[in-house]
Structure formats: structure tokens, C-alpha cells
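Below is one structure, written out as C-alpha cells; the observations come after it.
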Protein chains: 2
Amino acid sequence: MALKRRRNRTPSPVCPLSECMTILQGAWTPNIIWYLSEGPRRFSELQSDIPAVSAKVLTARLRDLEAKGVLTRSVRATSPPSVEYDLTPLGRELMPVIQAIVDVGYRLSICARNQNRRKVAQAA
Amino acid sequence: MALKRRRNRTPSPVCPLSECMTILQGAWTPNIIWYLSEGPRRFSELQSDIPAVSAKVLTARLRDLEAKGVLTRSVRATSPPSVEYDLTPLGRELMPVIQAIVDVGYRLSICARNQNRRKVAQAA
DNA sequence: CAGCATCCCACGGGATACTG
DNA sequence: CAGTATCCCGTGGGATGCTG
């Protein structure tokens, strides 16, 4: 940060506010939390909950969230191995946040649509 | 979407929930909204509010948010041109959301730190 | 002042194949 | 079942330089 040799790799400027947002970083993170809100779920269950996500990314996001204390990962050493993910109390506190985003997001998308319509009308 | 020729460019799988999150997409978006919450602000003011952001990105995010109806952009055709950005009512509704994320995020970071300490203790 | 334009890199994420 | 490994691409974003 002090000296920036050419083409600095910009390690992480990130002010405090952005840092907080990293909790919900990753396109699938909110969905994962959402589906876990109904109770603990196994890896494959999450995969069918969110079919579009790849195993790699699902693993990555789950590990991230685990490290952040949003959820817990418990391995059951059964013959077909099974792993269960569950929200921590703290993770559960994210629910209203996500819900709020969904709410406002929905109204914003409607608003944007209307504005587009208006623009089209003006253009005509 | 229907037929996927090899190496599909995966246009945008995005389930509804993720789509809502796109409002807050971009590392600097929450900060921009945050600093606008205290009232309308000019481009250069936002730049000094968030020194780490580049002009390019700031412009990009502002345009995005404008298109989404989160804020308005008003050009004042003065001799030193000045542009003011202001939150829309809808944009202002994002404030509690961001605040909530900050709150939970703060406690999560503390939690993570404690866990690290615990792990270090175990390792020792 | 408030931006575009250009270049270039890092990283998130998809696809596919393989493993304990 | 629940991943890991590899490869590859698109995009977000930083740096620098230029303009109305």
C-alpha cells in the first residue's frame, strides 16, 4: 500500500463496509443460506436445491461460510458418507437481511422495468 | 439455454434469489449507497469518501445503480461541470439492509477471530 | 470536474474427469 | 456420497492517459 511498484496487485483495498459484504459474496451464497434456513441439509440435497451450481463452487462457498462461522459442517462416518450443513445462530441472523434484499430487489426490478417502458414510450 | 454446444458460455443461470442480490453487486456498491445516505453528493465527493475506488469503477457502479432505480444522476451545466447523485426512495430502503449486514458482519468477524484463536490454542 | 478509453490482471465460477 | 483436480473463460476492477 505504501509503495506501489508498477502494476501493484492491489491486495485488498476494501474498506470496512465492503468487508462486511464479503459474507454474502459469491453468486450462490444467499441461496445456500436460504435453503439451509429450513433446517440442516446434506451436500447432495443442496445440489438439487440449487441445480445450477457446480459441485466445485458449492464446496467452495460452504467452506467459506464455515470459516466465517455462518454454518457448521458435520461429517457422519457412515458407509455412504454423509455430511450435514447447518446454520449457526449467527448465520440464522442473516435471514432477515436476505429477505430484505429480496423484497427491495423485487420492487427495484419492477421499477427498472417501468422506467424502460417509459424510455421506450419517449423514444417513440 | 435449450441446446448447449460444448463449452457453453453459461449466459446467466441465476435463480431469482441471486438475481435480487445483483443490486448490491460490486465491491463498492454498499459504500456508495452508504455515503449517499447522508444526502446528495457529487462525483468528486464520493471519490474522496471512498479513496480506494477508481474513477472507472465508481462511474460504472453509479450507472448501474441509476439503471436499477437506486439513485438519480443530475447534471448541472455550470462552467465547472458538476454532477449530483442522490438516492431514490427505493434506494433509501436499502439502508436498513446494509446496516443489518454490517451488524451481523461485525459479529461474524469477531466470531471467526475467536475460532482462529481456539484453533491456535488446540494446535499448541 | 466528471468522465471515457485502453490495457491488463486476479478471481469467481462452469465443465469434465477422477477419488476415498 | 461428497468431494478434489484440472482447465478454461468472462468479468470486476486497478492504473494510466486523454477529453468536453
Side-chain angles (χ1 to χ4, degrees), chain A residues 1 3-15 18 21-32 40-66 71-86, chain B residues 1 3-15 18 21-32 40-66 71-86:
Chain A
M1 217 35 163
L3 75 161
K4 47 175 170 182
R5 42 267 205 265
R6 222 178 49 75
R7 194 108 271 154
N8 190 1
R9 56 204 76 278
T10 60
S12 59
V14 195
C15 27
S18 302
M21 279 302 292
T22 62
I23 304 153
L24 293 177
Q25 225 164 49
W28 302 108
T29 306
N31 293 74
I32 293 169
R41 264 178 119 54
R42 311 221 331 256
F43 188 87
S44 55
E45 292 179 316
L46 287 171
Q47 270 197 309
S48 36
D49 286 339
I50 319 168
V53 76
S54 62
K56 182 187 111 176
V57 173
L58 184 52
T59 308
R61 296 284 71 80
L62 286 169
R63 291 288 145 83
D64 283 0
L65 292 171
E66 189 194 1
L71 51 79
T72 58
R73 175 174 182 272
S74 34
V75 185
R76 201 87 32 101
T78 55
S79 86
S82 86
V83 181
E84 242 185 26
Y85 296 92
D86 197 1
Chain B
M1 216 35 163
L3 75 161
K4 47 175 169 183
R5 42 265 206 268
R6 219 178 50 75
R7 193 106 277 153
N8 191 1
R9 58 205 75 277
T10 59
S12 60
V14 193
C15 24
S18 303
M21 279 302 291
T22 63
I23 303 153
L24 294 178
Q25 226 163 47
W28 303 107
T29 307
N31 294 75
I32 294 169
R41 261 176 123 52
R42 311 224 328 255
F43 188 86
S44 57
E45 291 179 318
L46 287 171
Q47 270 196 309
S48 36
D49 287 340
I50 320 169
V53 75
S54 62
K56 183 188 113 177
V57 173
L58 184 53
T59 308
R61 296 284 73 80
L62 286 169
R63 291 289 144 82
D64 283 0
L65 292 172
E66 189 194 0
L71 51 79
T72 58
R73 175 173 182 271
S74 36
V75 185
R76 200 91 28 106
T78 55
S79 88
S82 86
V83 181
E84 241 185 28
Y85 295 91
D86 197 1

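FYI, side chains are in, hydrogens and waters are out, and symmetry mates aren't considered; it's all heavy atoms of this structure. Chain naming here is simple, since letters A, B, ... match the order of the sequence lines and numbering starts at 1 in each. Everything numeric in this text was worked out from a predicted model, so none of it was measured.
Residue B:Ala27 is in sugar-phosphate contact alone, with no base atom involved, counting any heavy-atom pair closer than 4.0 Å across all strands shown.
The OG1 atom of A:Thr72 sits 5.0 Å away from the CG atom of A:Asp86 when rounded to the nearest 0.5 Å. Considering CG of A:Leu62 and OH of A:Tyr85, their distance stands at 4.5 Å, rounded to 0.5 Å. Atom CD of A:Glu45 is separated from atom OG of A:Ser82 by 9.5 Å, given to the nearest 0.5 angstrom.
Rounded to whole angstrom, the span from the CG atom of B:Asp64 across to the C1' atom of D:dG13 amounts to 13 Å. Protein atom CG of A:Asn31 is 14 Å distant from nucleotide atom C1' of C:dG13, rounded to whole Å. The distance from atom CG of B:Asp49 to atom P of C:dA2 is 12 Å, rounded to the nearest whole Å. One can place CG of A:Leu58 at 14 Å from P of C:dA15, the figure rounded to the nearest angstrom. Atom P of nucleotide C:dA2 and atom CZ of B:Arg41 are separated by 12 Å, given to the nearest angstrom. Going from atom CD of B:Glu66 over to atom C1' of C:dA2 covers 14 Å, rounded to whole Å.
Remark: B:Ala55 engages B:Phe43, B:Gln47 in a side-chain contact (heavy atoms from CB on, under 4.5 Å) (not counting sequence neighbours). Not counting sequence neighbours, A:Arg63 has no partner by the side-chain hydrogen bond (donor to acceptor under 3.5 Å, both in side chains) test. By the side-chain hydrogen bond (donor to acceptor under 3.5 Å, both in side chains) test, B:Glu84 is found to be paired with B:Arg76, residues two or more places apart in sequence or in another chain being considered.
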With 3.5 Å as the limit, what N/O pairs link the protein to nucleotides 1-4 of chain D?
{"residue": "D:dC1", "atom": "O3'", "partner": "A:Arg42", "partner atom": "NH2", "Å": "3.4"}
{"residue": "D:dC1", "atom": "O3'", "partner": "A:Pro81", "partner atom": "O", "Å": "3.1"}
{"residue": "D:dA2", "atom": "OP1", "partner": "A:Arg42", "partner atom": "NE", "Å": "3.0"}
{"residue": "D:dA2", "atom": "OP1", "partner": "A:Val83", "partner atom": "N", "Å": "3.1"}
{"residue": "D:dA2", "atom": "OP2", "partner": "A:Ser44", "partner atom": "N", "Å": "2.9"}
{"residue": "D:dA2", "atom": "OP2", "partner": "A:Ser44", "partner atom": "OG", "Å": "2.8"}
{"residue": "D:dG3", "atom": "OP1", "partner": "A:Arg63", "partner atom": "NH2", "Å": "2.7"}
{"residue": "D:dG3", "atom": "OP1", "partner": "A:Arg73", "partner atom": "NE", "Å": "3.4"}
{"residue": "D:dG3", "atom": "OP1", "partner": "A:Arg73", "partner atom": "NH2", "Å": "2.4"}
{"residue": "D:dG3", "atom": "OP2", "partner": "A:Tyr85", "partner atom": "OH", "Å": "2.5"}
{"residue": "D:dT4", "atom": "OP1", "partner": "A:Arg63", "partner atom": "NH1", "Å": "3.1"}

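For residues 51-61 of chain B, the salt bridge (Lys or Arg N to Asp or Glu O under 4.0 Å) pairs, not counting sequence neighbours, are B:Arg61-B:Asp64.
Remark on the helix from C:dC1-D:dG20 to C:dG20-D:dC1: inter-end axis angle 50°, axes from five-pair C1' superpositions, rounded to 10°.
Listed here is the closest heavy atom pair of A:Leu65 and A:Ile32: CD1-CG2, 4.2 Å. Of all the heavy atoms in A:Ile50 and A:Asn31, the pair that sits closest is CD1-CB, 3.8 Å.
For A:Arg61, a side-chain nitrogen or oxygen approaches OP1 or OP2 of C:dG13 to under 4.0 Å.
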